[in-house]
Amino acid sequence: LKKGKPMSILIEKNHRVVTIRLNRPKARNALNTQLLSELVSVLQELDQSPEVGCFIITGSDTVFSAGADIKEMRSKSYHQMVQEDYFSKWEQFTTLRTPKIAAICGPALGGGCELALMCDIIFAAENALMGLPEITLGVIPGIGGTQRLTKAVGKAKAMDMILTGKHLSAFEAEKAGLVSRVCPTEQLLDEAITAASVIAGYGKFATTSAKEAVDQAQEMSLKDGILFERRIFHALFATEDQKEGMSAFIEKRSPQFRGY
Ligand code: HXC
(Lines give C-alpha, C1' and ligand atoms only; values in the text may rest on other atoms or scores of the structure.)
Protein backbone atom coordinates (compact mmCIF):
# COMPACT_ATOMS: atom_id res chain seq x y z
CA LEU A 1 0.00 0.00 0.00
CA LYS A 2 1.17 3.52 -0.81
CA LYS A 3 2.59 5.18 2.26
CA GLY A 4 1.27 8.59 3.26
CA LYS A 5 -2.08 8.32 1.47
CA PRO A 6 -5.18 7.89 3.62
CA MET A 7 -6.60 4.39 3.32
CA SER A 8 -9.86 4.30 1.44
CA ILE A 9 -10.77 1.09 3.23
CA LEU A 10 -10.77 0.14 6.91
CA ILE A 11 -9.90 -3.40 7.96
CA GLU A 12 -11.08 -5.15 11.10
CA LYS A 13 -10.31 -8.73 12.13
CA ASN A 14 -12.73 -10.53 14.41
CA HIS A 15 -11.41 -14.05 15.06
CA ARG A 16 -11.56 -15.69 11.62
CA VAL A 17 -13.71 -13.00 10.00
CA VAL A 18 -12.24 -9.95 8.26
CA THR A 19 -14.53 -6.97 7.72
CA ILE A 20 -13.53 -4.46 5.07
CA ARG A 21 -15.31 -1.14 5.30
CA LEU A 22 -15.30 1.13 2.25
CA ASN A 23 -14.17 4.49 3.59
CA ARG A 24 -14.55 7.47 1.23
CA PRO A 25 -17.51 9.09 3.01
CA LYS A 26 -17.25 12.44 1.19
CA ALA A 27 -17.51 10.67 -2.17
CA ARG A 28 -20.19 8.26 -0.90
CA ASN A 29 -17.65 5.42 -1.12
CA ALA A 30 -17.22 5.86 -4.87
CA LEU A 31 -14.89 3.19 -6.22
CA ASN A 32 -11.79 4.94 -7.55
CA THR A 33 -8.52 3.33 -8.63
CA GLN A 34 -6.90 3.80 -5.23
CA LEU A 35 -9.78 2.09 -3.40
CA LEU A 36 -9.83 -0.77 -5.89
CA SER A 37 -6.13 -1.38 -5.63
CA GLU A 38 -6.14 -1.23 -1.80
CA LEU A 39 -9.13 -3.54 -1.62
CA VAL A 40 -7.68 -6.10 -4.00
CA SER A 41 -4.18 -6.14 -2.50
CA VAL A 42 -5.46 -6.49 1.08
CA LEU A 43 -7.94 -9.22 0.15
CA GLN A 44 -5.45 -11.16 -1.97
CA GLU A 45 -3.01 -11.29 0.92
CA LEU A 46 -5.65 -12.36 3.46
CA ASP A 47 -7.18 -14.86 1.02
CA GLN A 48 -4.09 -17.06 1.40
CA SER A 49 -4.28 -17.13 5.18
CA PRO A 50 -5.68 -20.25 6.84
CA GLU A 51 -6.58 -17.92 9.75
CA VAL A 52 -9.17 -16.10 7.63
CA GLY A 53 -12.41 -17.98 6.96
CA CYS A 54 -14.76 -15.31 5.61
CA PHE A 55 -14.75 -11.69 4.41
CA ILE A 56 -17.45 -9.07 4.92
CA ILE A 57 -17.51 -6.11 2.54
CA THR A 58 -19.51 -3.20 3.86
CA GLY A 59 -19.86 0.59 3.71
CA SER A 60 -21.27 2.99 6.30
CA ASP A 61 -24.74 2.97 7.91
CA THR A 62 -25.95 5.35 5.19
CA VAL A 63 -24.21 4.29 1.99
CA PHE A 64 -22.63 1.11 0.67
CA SER A 65 -21.19 2.68 -2.49
CA ALA A 66 -22.28 5.23 -5.10
CA GLY A 67 -20.48 3.19 -7.75
CA ALA A 68 -17.49 3.86 -9.94
CA ASP A 69 -15.91 7.27 -9.39
CA ILE A 70 -17.59 9.51 -11.97
CA LYS A 71 -15.12 12.35 -11.32
CA GLU A 72 -12.19 10.04 -12.07
CA MET A 73 -13.80 8.68 -15.25
CA ARG A 74 -15.44 11.74 -16.75
CA SER A 75 -12.59 13.04 -18.92
CA LYS A 76 -11.13 9.74 -20.03
CA SER A 77 -11.01 9.03 -23.73
CA TYR A 78 -11.93 5.79 -25.40
CA HIS A 79 -8.24 5.12 -26.01
CA GLN A 80 -7.34 5.64 -22.35
CA MET A 81 -10.13 3.32 -21.21
CA VAL A 82 -8.90 0.60 -23.56
CA GLN A 83 -5.21 1.15 -22.84
CA GLU A 84 -5.74 1.06 -19.06
CA ASP A 85 -8.30 -1.73 -19.54
CA TYR A 86 -10.29 0.26 -16.98
CA PHE A 87 -12.06 -1.95 -14.39
CA SER A 88 -10.21 -5.13 -15.45
CA LYS A 89 -8.54 -5.26 -12.02
CA TRP A 90 -11.96 -6.13 -10.59
CA GLU A 91 -11.43 -9.60 -12.08
CA GLN A 92 -8.91 -10.17 -9.27
CA PHE A 93 -11.69 -9.58 -6.74
CA THR A 94 -13.73 -12.36 -8.30
CA THR A 95 -10.88 -14.88 -8.14
CA LEU A 96 -10.61 -14.73 -4.32
CA ARG A 97 -11.38 -18.14 -2.87
CA THR A 98 -12.48 -17.14 0.62
CA PRO A 99 -16.28 -16.64 0.85
CA LYS A 100 -17.36 -12.98 0.82
CA ILE A 101 -20.55 -11.47 2.26
CA ALA A 102 -21.67 -8.02 1.08
CA ALA A 103 -23.50 -6.20 3.89
CA ILE A 104 -25.38 -3.27 2.36
CA CYS A 105 -26.83 -0.23 4.14
CA GLY A 106 -28.13 2.60 1.96
CA PRO A 107 -27.47 2.91 -1.78
CA ALA A 108 -25.41 0.31 -3.64
CA LEU A 109 -25.53 1.81 -7.11
CA GLY A 110 -23.70 1.15 -10.35
CA GLY A 111 -20.29 -0.28 -9.52
CA GLY A 112 -21.44 -0.52 -5.87
CA CYS A 113 -24.21 -2.89 -6.88
CA GLU A 114 -21.77 -4.74 -9.14
CA LEU A 115 -19.33 -5.08 -6.23
CA ALA A 116 -22.12 -6.68 -4.19
CA LEU A 117 -22.91 -8.97 -7.13
CA MET A 118 -19.27 -10.13 -7.12
CA CYS A 119 -19.67 -11.26 -3.49
CA ASP A 120 -21.03 -14.73 -2.67
CA ILE A 121 -23.85 -13.68 -0.34
CA ILE A 122 -25.66 -10.33 -0.07
CA PHE A 123 -27.37 -9.14 3.12
CA ALA A 124 -29.33 -5.88 2.88
CA ALA A 125 -30.44 -3.47 5.58
CA GLU A 126 -34.00 -2.15 5.36
CA ASN A 127 -32.58 1.17 4.06
CA ALA A 128 -30.65 -0.50 1.21
CA LEU A 129 -31.22 0.52 -2.41
CA MET A 130 -29.76 -1.44 -5.30
CA GLY A 131 -29.57 -0.36 -8.90
CA LEU A 132 -27.57 0.09 -12.06
CA PRO A 133 -28.14 3.73 -13.07
CA GLU A 134 -25.25 3.87 -15.58
CA ILE A 135 -27.75 4.49 -18.42
CA THR A 136 -28.49 7.89 -16.83
CA LEU A 137 -24.78 8.78 -17.30
CA GLY A 138 -24.71 7.79 -20.97
CA VAL A 139 -22.95 4.46 -20.40
CA ILE A 140 -23.77 0.91 -19.35
CA PRO A 141 -22.62 -1.22 -16.39
CA GLY A 142 -18.92 -2.02 -16.81
CA ILE A 143 -18.01 -4.29 -13.87
CA GLY A 144 -20.10 -7.28 -14.85
CA GLY A 145 -23.55 -5.89 -14.05
CA THR A 146 -25.26 -6.80 -17.32
CA GLN A 147 -24.09 -10.39 -16.89
CA ARG A 148 -24.25 -11.03 -13.15
CA LEU A 149 -27.53 -9.20 -12.52
CA THR A 150 -29.15 -11.11 -15.39
CA LYS A 151 -27.94 -14.43 -13.99
CA ALA A 152 -29.08 -13.42 -10.49
CA VAL A 153 -32.59 -12.11 -11.22
CA GLY A 154 -33.36 -13.16 -14.82
CA LYS A 155 -33.75 -11.15 -18.01
CA ALA A 156 -37.07 -9.44 -17.22
CA LYS A 157 -35.95 -7.69 -14.01
CA ALA A 158 -32.38 -7.08 -15.25
CA MET A 159 -33.54 -5.39 -18.48
CA ASP A 160 -36.01 -3.27 -16.53
CA MET A 161 -33.35 -2.14 -14.03
CA ILE A 162 -30.59 -1.57 -16.59
CA LEU A 163 -32.70 0.21 -19.23
CA THR A 164 -34.75 2.40 -16.87
CA GLY A 165 -32.07 2.89 -14.19
CA LYS A 166 -34.74 2.07 -11.58
CA HIS A 167 -33.49 1.10 -8.09
CA LEU A 168 -34.83 -1.78 -6.02
CA SER A 169 -35.60 -1.41 -2.32
CA ALA A 170 -34.19 -4.03 0.05
CA PHE A 171 -37.47 -5.96 0.07
CA GLU A 172 -37.81 -5.79 -3.72
CA ALA A 173 -34.23 -7.04 -4.03
CA GLU A 174 -34.98 -9.92 -1.66
CA LYS A 175 -38.14 -10.81 -3.61
CA ALA A 176 -36.13 -10.76 -6.85
CA GLY A 177 -33.57 -13.18 -5.37
CA LEU A 178 -30.80 -10.60 -5.43
CA VAL A 179 -30.24 -10.58 -1.67
CA SER A 180 -30.59 -13.47 0.74
CA ARG A 181 -31.57 -11.60 3.94
CA VAL A 182 -33.05 -8.22 4.86
CA CYS A 183 -32.38 -6.98 8.42
CA PRO A 184 -33.14 -3.86 10.44
CA THR A 185 -30.39 -1.36 9.56
CA GLU A 186 -28.82 -1.28 13.03
CA GLN A 187 -28.59 -5.10 13.14
CA LEU A 188 -27.12 -5.66 9.68
CA LEU A 189 -23.45 -5.86 10.59
CA ASP A 190 -24.07 -8.15 13.60
CA GLU A 191 -26.14 -10.44 11.38
CA ALA A 192 -23.35 -10.49 8.77
CA ILE A 193 -20.67 -11.16 11.41
CA THR A 194 -22.74 -14.01 12.88
CA ALA A 195 -23.18 -15.64 9.46
CA ALA A 196 -19.53 -15.05 8.53
CA SER A 197 -18.41 -16.60 11.85
CA VAL A 198 -20.53 -19.68 11.12
CA ILE A 199 -18.91 -20.02 7.68
CA ALA A 200 -15.44 -19.34 9.09
CA GLY A 201 -16.00 -22.05 11.72
CA TYR A 202 -16.19 -24.75 9.06
CA GLY A 203 -13.13 -26.21 7.34
CA LYS A 204 -11.78 -23.73 4.79
CA PHE A 205 -11.13 -26.54 2.34
CA ALA A 206 -14.83 -27.41 2.44
CA THR A 207 -16.16 -23.84 2.27
CA THR A 208 -13.90 -22.83 -0.61
CA SER A 209 -14.84 -26.05 -2.42
CA ALA A 210 -18.56 -25.43 -1.89
CA LYS A 211 -18.19 -21.88 -3.20
CA GLU A 212 -16.23 -23.10 -6.23
CA ALA A 213 -18.89 -25.67 -7.04
CA VAL A 214 -21.77 -23.17 -6.75
CA ASP A 215 -19.82 -20.67 -8.89
CA GLN A 216 -19.46 -23.32 -11.59
CA ALA A 217 -23.26 -23.45 -11.87
CA GLN A 218 -22.95 -20.06 -13.64
CA GLU A 219 -20.42 -21.42 -16.13
CA MET A 220 -21.13 -25.08 -16.87
CA SER A 221 -23.89 -27.24 -18.27
CA LEU A 222 -25.89 -29.18 -15.64
CA LYS A 223 -24.19 -32.43 -16.64
CA ASP A 224 -20.66 -31.01 -16.40
CA GLY A 225 -21.48 -29.11 -13.22
CA ILE A 226 -22.77 -32.24 -11.50
CA LEU A 227 -19.65 -34.16 -12.51
CA PHE A 228 -17.48 -31.27 -11.23
CA GLU A 229 -19.40 -31.31 -7.93
CA ARG A 230 -19.04 -35.08 -7.54
CA ARG A 231 -15.29 -34.99 -8.17
CA ILE A 232 -14.82 -32.24 -5.57
CA PHE A 233 -17.04 -34.17 -3.16
CA HIS A 234 -14.82 -37.25 -3.67
CA ALA A 235 -11.68 -35.11 -3.21
CA LEU A 236 -12.88 -33.92 0.20
CA PHE A 237 -12.44 -37.49 1.45
CA ALA A 238 -8.71 -36.78 1.24
CA THR A 239 -9.05 -34.13 3.96
CA GLU A 240 -8.73 -34.53 7.72
CA ASP A 241 -11.72 -32.23 8.15
CA GLN A 242 -13.97 -34.84 6.50
CA LYS A 243 -12.76 -37.51 8.96
CA GLU A 244 -13.13 -35.07 11.85
CA GLY A 245 -16.61 -33.86 10.79
CA MET A 246 -18.04 -37.33 10.36
CA SER A 247 -16.32 -38.75 13.48
CA ALA A 248 -17.58 -35.84 15.58
CA PHE A 249 -21.15 -36.50 14.41
CA ILE A 250 -20.95 -40.20 15.30
CA GLU A 251 -19.22 -39.47 18.62
CA LYS A 252 -21.85 -36.78 19.43
CA ARG A 253 -19.30 -33.96 19.92
CA SER A 254 -18.49 -30.67 18.19
CA PRO A 255 -16.03 -30.98 15.31
CA GLN A 256 -12.68 -29.16 15.44
CA PHE A 257 -11.99 -28.29 11.82
CA ARG A 258 -8.43 -27.46 10.88
CA GLY A 259 -8.79 -26.45 7.25
CA TYR A 260 -7.00 -29.40 5.67
C1 HXC B 1 -17.88 10.33 -7.77
C2 HXC B 1 -19.63 10.84 -6.40
C3 HXC B 1 -20.33 9.68 -6.82
C4 HXC B 1 -19.71 8.84 -7.78
C5 HXC B 1 -21.55 10.73 -5.40
N6 HXC B 1 -20.42 11.45 -5.52
N7 HXC B 1 -21.53 9.65 -6.17
N8 HXC B 1 -18.42 11.15 -6.87
N9 HXC B 1 -18.49 9.21 -8.23
N10 HXC B 1 -20.27 7.73 -8.23
C11 HXC B 1 -20.06 12.71 -4.85
C12 HXC B 1 -20.96 13.85 -5.30
O13 HXC B 1 -20.51 14.40 -6.51
C14 HXC B 1 -20.80 14.80 -4.14
O15 HXC B 1 -19.57 15.47 -4.29
C16 HXC B 1 -20.69 13.88 -2.94
O17 HXC B 1 -20.29 12.60 -3.45
C18 HXC B 1 -22.02 13.69 -2.24
O19 HXC B 1 -22.97 13.28 -3.20
P20 HXC B 1 -24.53 13.64 -3.06
O21 HXC B 1 -25.19 13.23 -4.31
O22 HXC B 1 -24.68 15.06 -2.62
O23 HXC B 1 -24.93 12.69 -1.85
P24 HXC B 1 -26.35 12.11 -1.43
O25 HXC B 1 -27.42 13.16 -1.59
O26 HXC B 1 -26.15 11.49 -0.10
O27 HXC B 1 -26.71 10.97 -2.50
C28 HXC B 1 -25.93 9.76 -2.52
C29 HXC B 1 -26.21 9.01 -3.86
C30 HXC B 1 -25.89 9.94 -5.04
C31 HXC B 1 -27.66 8.53 -3.89
C32 HXC B 1 -25.29 7.78 -3.84
O33 HXC B 1 -24.64 10.59 -4.81
C34 HXC B 1 -25.84 9.25 -6.37
O35 HXC B 1 -26.87 8.95 -6.94
N36 HXC B 1 -24.61 9.05 -6.88
C37 HXC B 1 -24.36 8.56 -8.21
C38 HXC B 1 -24.84 7.15 -8.38
C39 HXC B 1 -24.48 6.64 -9.77
O40 HXC B 1 -24.90 7.19 -10.77
N41 HXC B 1 -23.66 5.58 -9.79
C42 HXC B 1 -23.16 5.02 -10.99
C43 HXC B 1 -21.76 5.44 -11.17
S44 HXC B 1 -21.13 4.86 -12.71
P45 HXC B 1 -19.39 17.04 -3.98
O46 HXC B 1 -18.03 17.35 -4.51
O47 HXC B 1 -20.51 17.76 -4.66
O48 HXC B 1 -19.48 17.09 -2.49
C49 HXC B 1 -20.66 3.32 -12.41
C50 HXC B 1 -20.17 2.75 -13.67
C51 HXC B 1 -19.66 1.38 -13.69
O52 HXC B 1 -20.68 2.78 -11.36
C53 HXC B 1 -19.24 1.06 -15.08
C54 HXC B 1 -19.65 1.98 -16.19
C55 HXC B 1 -18.59 2.63 -16.96
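Whatever order the structure lists them in is the order used to number ligands and atoms, beginning at 1.
Checked against Glu172 for a side chain to side chain contact (heavy atoms under 4.5 Å, CB included), the options His167, Met161, Met130, Lys166 give a single hit: Lys166.
When atom types are taken as modelled, the side chain of Asp47 and the backbone of Thr98 share a donor-acceptor pair closer than 3.5 angstrom. In this structure, the side chain of Ser88 engages the main chain of Asp85 through a donor-acceptor pair within 3.5 Å. Checked by atom type and distance alone, the side chain of Ser49 never pairs as donor or acceptor with a backbone atom of Leu46 at under 3.5 Å. The backbone N or O of Asn32 sits nowhere less than 3.5 Å from a side-chain atom of Glu72 that would complete a donor-acceptor pair.
No heavy atom of Tyr86 sits closer than 4.0 Å to any atom of ligand 1. A heavy-atom separation below 4.0 Å is found between Leu137 and ligand 1.
Checking atom 23 (O) of ligand 1 against the protein gives a heavy-atom contact under 4.0 Å. At a distance under 4.0 Å, a protein heavy atom can be found next to atom 41 (N) of ligand 1. Checking atom 44 (S) of ligand 1 against the protein gives a heavy-atom contact under 4.0 Å. Within a 4.0 Å radius of atom 30 (C) of ligand 1, the protein contributes no non-hydrogen atoms. For atom 51 (C) of ligand 1, a protein heavy-atom neighbour is present inside the 4.0 Å cut-off.
Of the N and O atoms on the side chains of Gln34 and Glu38, at least one donor lies less than 3.5 Å from an acceptor on the other residue. Of the N and O atoms on the side chains of Thr185 and Glu126, not one donor lies less than 3.5 Å from an acceptor on the other residue.
By the 6.0 Å contact criterion, OH on Tyr78 is open, its count of non-hydrogen atoms from other residues, nucleotides or ligands being 12 or less.
Contact atoms of ligand 1 toward Pro133: 39 (C), 40 (O), 41 (N) (distance under 4.0 Å to a heavy atom of the residue). Residue Glu114 approaches ligand 1 through these ligand atoms, each under 4.0 Å from one of its heavy atoms: 51 (C). Close contacts of ligand 1 with Ala30, meaning ligand atoms under 4.0 Å from a residue heavy atom, involve 1 (C), 4 (C), 9 (N).
For atom 54 (C) of ligand 1, the closest non-hydrogen atom of the protein is Ile140 O, 3.1 Å. Atom 9 (N) of ligand 1 has its closest protein heavy atom at Ile70 N, 2.8 Å. Scanning the protein for heavy atoms near atom 16 (C) of ligand 1, the closest one is Lys26 O, 3.2 Å. The single protein non-hydrogen atom nearest to atom 10 (N) of ligand 1 is Ala68 O, 2.9 Å, given as residue, atom name and distance. Among all non-hydrogen protein atoms, the one lying nearest atom 11 (C) of ligand 1 is Lys71 NZ, 4.1 Å. In terms of protein heavy-atom proximity, atom 34 (C) of ligand 1 is closest to Leu109 CD1, 4.4 Å. Counting only heavy atoms of the protein, atom 2 (C) of ligand 1 lies nearest to Ala27 O, 3.9 Å.
Looking at Ala66, Gly110, Gly165 and measuring to atom 39 (C) of ligand 1, the nearest heavy atom belongs to Ala66.
At a threshold of 4.0 Å, the pair Arg258-Glu240 counts as salt-bridged, since one of the basic side-chain nitrogens sits closer than that to a carboxylate oxygen.
When side chains are defined from C-beta on, Trp90 counts as touching Leu39, because their heavy atoms get closer than 4.5 Å. Here the side chains of Leu132 and Leu149 are in contact, with some heavy-atom distance below 4.5 Å.
With a 6.0 Å cutoff to the six-membered ring centre and a 45° limit on the axis angle, Lys223 does not count as a cation-pi contact of Phe228.
At least one N or O atom of Arg28, backbone or side chain, sits closer than 3.5 Å to an N or O atom of ligand 1. Between Gly111 and ligand 1, an N or O atom pair is found at a separation short of 3.5 Å.
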